[in-house]
Amino acid sequence: MLINTNTLLKIILKSQVIVGLVGCAILMFGLNLLNISVKEVGWTRFVFVFTACVLIYRIEWVIHKFGVGKGLSMWISGKGLESRIFYPLLILVLLLSFFLGRKEWWMLFHLGVISLLYNFPSTLPVNFKPWRSVPFLKVFLIAYVWAMLGSYYPATFLEIPLQSEGLFQQFACLFFYVFGMTLPFDIRDYYTDQRQQLWTIAGAIGIPKTKILAMVSLSLFCYMALELGISSWWLGLTFLLSLVLVGLANPLRSSFYYNILMDGSILLFLLGAVFWA
């Protein structure tokens, strides 16, 4: 039985496969900037990063859709699609963690905790607010996690001094890129965040100025990427694509625009910079 395009896109969105691939691509991109090949590192870390990213986003998706109580009961019962996805991912993450060094395990652990707490629901039976509810913090947390994954994390297991000036430049380059590409998601959630009284950059300065800020951030990324040796033709092509996507962002666009086109363009840039440029 053939699956139509719309159904296939929904499966991709729900599975969070793109998020996992972006995580792997950021790690690969970071290694490429450090002149380290994937073969030297091996595939264990990539499988771990992919699985952990998918697991974290699946946990958040299930809890936000079904609530904490029903989400936990679904996993504990071992029945249904969510359990068949959740437990294999969890077991794989735990098994692969034994192959990681102690320092890199703590590095990944703190990034995972930030990723969970940033978007964890406020419906818990304790007095807890998700970190995304802290005014303007949302996009900075996302940019920090992805930038660390592509800079200081590989430096940790490669035993590169974390005080290295080039390493900070690599972190800043990725930070500006992710920051610029994440601001449109604030635009996507503009009306929802207003109803929930969540203070975001888009809510504070408005949509047009948010787009300008995103473009400025992407321009800073472009400058730093050239300094790091990224191919100018590939960088220029994907930079223009990013500007177009940011410029066309608005709160009424579908999730396909943001989760397929926006996230897909990030994946395209990262992989292209490694393999094609």
Take Phe179 and Phe140 through the test ring pair (Phe, Tyr, Trp, His ring centres under 6.0 Å) and record every step on the way to the result. CA-CA 7 Å; Phe179 185 81; Phe140 291 98; 5.1 Å; yes
Which atom of Val178 lies closest to which atom of Ala143, heavy atoms considered: CG1-CA, 3.6 Å
Is the distance from the ring center of Phe175 to that of Tyr144 below 6.0 Å? no
Counting distance only, does the side-chain N/O of Ser217 pair as donor-acceptor with the main-chain N or O of Leu213 below 3.5 Å? no
So do Met224 and Phe176 actually touch side chain to side chain, heavy atoms under 4.5 Å? yes
List the steps and the verdict of ring pair (Phe, Tyr, Trp, His ring centres under 6.0 Å) for Tyr177 and Phe269. CA-CA 11 Å; Tyr177 178 63; Phe269 162 68; 5.0 Å; yes
Taking C-beta and beyond as the side chain, do Phe239 and Ser219 meet within less than 4.5 Å on heavy atoms? yes
What verdict does the side chain to side chain contact (heavy atoms under 4.5 Å, CB included) test give for Leu174 and Phe29, after you've listed the backbone C-alpha separation in whole Å, the side-chain angles of each residue and the deciding distance to 0.1 Å? CA-CA 10 Å; Leu174 278 168; Phe29 179 79; 3.8 Å; yes
When rounded to the nearest 0.5 angstrom, what is the spacing between CE in Met107 and OG1 in Thr156? 3.5 Å
Cys53 side chain near Leu21 side chain, heavy-atom distance below 4.5 Å: no
Ser265 and Met181 have their tightest heavy-atom pair at OG-CE, 3.3 Å
Honestly curious: do Met215 and Leu241 fall in one hydrophobic cluster under the side-chain, below-4.5 Å linking rule? yes
Apply side chain to side chain contact (heavy atoms under 4.5 Å, CB included) to residues Val246 and Leu218 and explain how you reach the verdict. CA-CA 10 Å; Val246 169; Leu218 289 170; 3.9 Å; yes
Nearest-0.5 Å distance that lies between atom CG in Leu116 and atom CD1 in Ile56: 5.0 Å
Return the CH2 to OG1 distance between Trp233 and Thr238, rounded to the nearest 0.5 Å. 9.0 Å
Check the hydrophobic clustering (I, L, V, M, F, W, Y; side-chain heavy atoms under 4.5 Å; chains of links allowed) and say if Tyr153 and Phe99 are grouped together. no
Would you kindly confirm whether Leu183 and Leu252 end up in one hydrophobic cluster when ILVMFWY residues are joined by side chain heavy atoms under 4.5 Å apart? no
Indicate yes or no: at least one non-hydrogen side-chain atom of Val54 is less than 4.5 angstrom from one of Val19. no
Selection residues 35-54 - residue pairs positive for side chain to side chain donor-acceptor pair (under 3.5 Å), sequence neighbours left out: Ser37-Glu40, Arg45-Glu104
What I'd like to find out is whether the side chain of Pro184 reaches to under 4.5 Å of the side chain of Leu245, using heavy atoms alone. no
Between Leu92 and Phe98, is there a shared hydrophobic cluster once you connect ILVMFWY residues whose side-chain heavy atoms come closer than 4.5 Å? no
Kindly compute the distance separating CZ (Phe48) from CG (Leu95), expressed to the nearest 0.5 Å. 11.0 Å
Within the structure provided, determine whether Trp106 and Arg102 are in side-chain contact (heavy-atom separation under 4.5 Å). yes
Might you point out which heavy atoms bring Val139 and Thr182 nearest each other, and give the distance in Å? CG1-CG2, 3.7 Å
From the list Leu34, Ile26, Asn32, side-chain contact (heavy atoms from CB on, under 4.5 Å) partner of Pro154 resolves to Leu34
What's the shortest heavy-atom distance between Phe46 and Leu31, and which atoms? CZ-CD1, 3.6 Å
Audit row: Leu261, Phe256, side chain to side chain contact (heavy atoms under 4.5 Å, CB included) steps and yes/no: CA-CA 7 Å; Leu261 291 181; Phe256 295 136; over 6 Å; no
Side-chain heavy atoms of Ile187 within contact of Lys211, under 4.5 Å: yes
Give the minimum heavy-atom separation between Leu167 and Ser151, together with the two atoms involved. CD1-O, 3.6 Å
Do any N or O atoms from the side chain of Gln194 and from the backbone of Gly203 form a donor-acceptor pair under 3.5 angstrom? no
For Ile207 against Pro251, the heavy-atom pair lying closest together: CD1-CG, 3.6 Å
Atom pair CD1/OG1 of Ile205 and Thr210 - distance to nearest 0.5 Å: 4.0 Å
Which of these, Ile201, Leu198, Asp189, sits in a side-chain contact (heavy atoms from CB on, under 4.5 Å) with Lys138? Asp189
Check whether any side-chain heavy atom of Leu162 sits under 4.5 Å from a side-chain heavy atom of Tyr152, and report yes or no. yes
Hydrophobic clustering (ILVMFWY, side-chain heavy atoms < 4.5 Å, transitive) - are Ile91 and Val47 grouped together? no
I'd like to know whether Arg188 forms a side chain to side chain contact (heavy atoms under 4.5 Å, CB included) with Arg253, so could you lay out the CA-CA distance, the side-chain angles of the two residues, the decisive distance to 0.1 Å, and finally the verdict. CA-CA 7 Å; Arg188 178 196 64 182; Arg253 291 200 177 275; over 6 Å; no
Check the angle between the aromatic planes of Trp105 and Phe109 and answer parallel, tilted or perpendicular using the 30° and 60° thresholds. parallel
Rounded to the nearest 0.5 Å, what separation is found between the CG atom of Leu271 and the CH2 atom of Trp234? 9.0 Å
